[in-house]
There are 2 protein chains.
Amino acid sequence: MATRGGKLLLTRDDWTRAALDAIGEGGVEAVAVDRLAKTLGASRGSFYWHFRDRADLIDAALERWARENTADLVPELDAIPDPVKRLRMLLRRVYEQAVDAVELRLSAASDDPVVAPVFARVTRQRIEFLRRIFTDLGLPPSQVAARAWLAYAFYIGHHQLSKNPAVAEERPARLDRVVELLARSG
Amino acid sequence: MATRGGKLLLTRDDWTRAALDAIGEGGVEAVAVDRLAKTLGASRGSFYWHFRDRADLIDAALERWARENTADLVPELDAIPDPVKRLRMLLRRVYEQAVDAVELRLSAASDDPVVAPVFARVTRQRIEFLRRIFTDLGLPPSQVAARAWLAYAFYIGHHQLSKNPAVAEERPARLDRVVELLARSG
DNA sequence: ACCTGAACACCGTTCAAGT
DNA sequence: ACCTGAACACCGTTCAAGT
């Protein structure tokens with residue numbers, strides 16, 4: 001690590017990692033140049049050497065998230081040959097595991113001009129993944145599109161609703177019936 | 001309207017209405033005391049006569065929204081005796097009509113501490129409404145809960161996704177198949 | 001009872017000046 | 001090549017002073 005006068009010099013990557021942490025904790029609006037600078041022990045002015053502006057930083061953080069994120073789940077699930085099992089595994093993850101903090105923040109901010117393109121790219125990859133499941137299930141093309149959309153909109157809405165504790169009380173105890181309904185033939 | 005020195009005095013209601021407009025246009029974070037004061041031709045200090053703080057204003061705006069909103073759709077739909085028709089009417093609204101701008105903003109900000117309680121209350125009323133539909137359809141209680149949750153999570157996710165144009169391309173042309181799936185017996 | 005205007009803290013952005 | 005520090009605009013909040 002490069003230093004100067006005993007202080008270590010910050011890289012673009014240091015700022016990006018700090019920003020992604022901030023998004024996970026407080027959402028996109030928690031990415032404050034001033035606060036990050038204090039945390040990292042640098043001046044605000046120094047930030048503008050590495051990034052054009054705040055949007056540039058957020059964009060870099062999201063790109064990192066998308067990269068680390070897609071590498072993760074999709075290949076693992078794609079290895080499961082039986083499409084119903086694949087759907088069940090997917091929904092189990094959705095339901096049982098706490099969803100990635102960053103993902104939650106992003107889906108809430110998906111209309112933000114910086115967030116929108118990254119979010120759209122990841123979304124399309126995932127809907128594509130769902131289409132494969134329903135195609136493998138032997139459904140006709142018109143059904144495949146409708147069901148992939150239903151399943152993904154459900155996924156988004158489920159998380160959106162679940163993060164509000166008062167709303168989460170309305171949630172059924174297990175997702176079995178939902179899986180059944182989504183996987184049903186014809 | 002009360003005046004003083006030719007200027008009209010502002011009421012709590014004037015600020016509330018302006019805030020709700022701001023939410024519709026730019027979301028909760030667009031409610032800036034400074035900007036509203038400029039728009040209404042008053043000083044920032046004057047705002048703090050009517051409201052404790054910014055959160056107080058946002059809360060008042062949301063209460064107004066909830067009141068005007070619930071009075072609206074639910075009684076109209078409840079008048080339709082056939083539950084399948086009721087569901088179809090509901091989903092048609094969901095799909096064809098542009099959703100209330102404020103509602104979109106709120107569902108994105110539903111984890112905001114000020115937004116959360118109001119949003120939770122409205123949500124629970126709506127899920128209750130969906131439960132009635134599925135109960136009237138003759139489904140067993142365990143199914144009723146799962147399906148109302150699926151339908152409402154779908155509703156939320158559908159809007160969330162639709163507002164991103166690149167994602168909305170993935171949307172099927174009509175919702176018929178989704179309705180079929182949701183209304184299906186057993 | 002209702003409003004103004006100044007004050008302070010916080011934050012995004014620019015830029016001349018430093019090493 | 002990388003950073004500091006001052007400057008400016010914007011915004012939330014407080015408060016003494018005005019009518």
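Only heavy atoms go into these numbers, but all of them, side chains included; no hydrogens, no water, no symmetry mates. Throughout, a chain's letter reflects where its sequence line sits, starting with A, and its residues are numbered from 1.
Closest heavy-atom contact between A:Arg52 and A:Asp56: N-OD2, 2.9 Å. B:Ile23 approaches B:Ala61 most closely through the heavy-atom pair CD1-CB, 4.2 Å. Closest of all the heavy-atom pairs between A:Leu182 and A:Leu87 is CB-CD2, 4.2 Å. Between A:Leu181 and B:Arg147, the shortest heavy-atom contact is CD1-NH2, 3.5 Å. Taking each heavy atom of A:Ile58 and A:Val31 in turn, the nearest pair found is CG1-CG1, 4.1 Å. Closest of all the heavy-atom pairs between B:Val28 and B:Arg54 is O-NH2, 3.1 Å.
For the pair B:His159 and B:Ser107, the minimum side-chain heavy-atom distance is 4.5 Å or more.
DNA chain D is contacted by B:Val31, B:Ala32, B:Val33, B:Asp34, B:Arg35 of residues 17-40 of chain B, taking any non-hydrogen atom closer than 4.0 Å. Of the residues in residues 48-56 of chain B, those with a non-hydrogen atom less than 4.0 angstrom from any atom of DNA chain D are B:Tyr48, B:Asp53, B:Arg54.
One can place CZ of B:Phe47 at 18 Å from C1' of C:dA1, the figure rounded to the nearest angstrom. The distance from atom CG of B:Leu10 to atom P of C:dA1 is 17 Å, rounded to the nearest whole Å. The distance from atom CH2 of B:Trp15 to atom P of D:dG12 is 11 Å, rounded to the nearest whole Å.
Between B:His50 and B:Trp15, the angle of the ring planes lies from 30° to 60°, which puts this pair in the tilted group.
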side-chain contact (heavy atoms from CB on, under 4.5 Å) between A:Arg124 and B:Glu169, worked out | CA-CA 9 Å; A:Arg124 298 176 79 149; B:Glu169 285 174 24; 3.4 Å; yes
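Under the 4.0 Å criterion applied to side-chain N and carboxylate O atoms, B:Asp34 and B:Lys38 are assigned as salt-bridge partners.
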With pairs defined as Watson-Crick or G-U wobble and both distances under 3.5 angstrom, please note down DNA chain D as a dot-bracket string, | for pairing with another strand.
-> ||.|||||...|||||.||
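Of the candidate nucleotides D:dG12, D:dG5, C:dT4, C:dT4 has the atom lying nearest to any side-chain atom of B:Ser43.
A donor N or O paired with an acceptor N or O is not found under 3.5 Å between the base of C:dG5 and the side-chain atoms of B:Arg44.
Between the side chains of B:Asp13 and B:Thr16, no donor N or O sits under 3.5 Å from an acceptor N or O.
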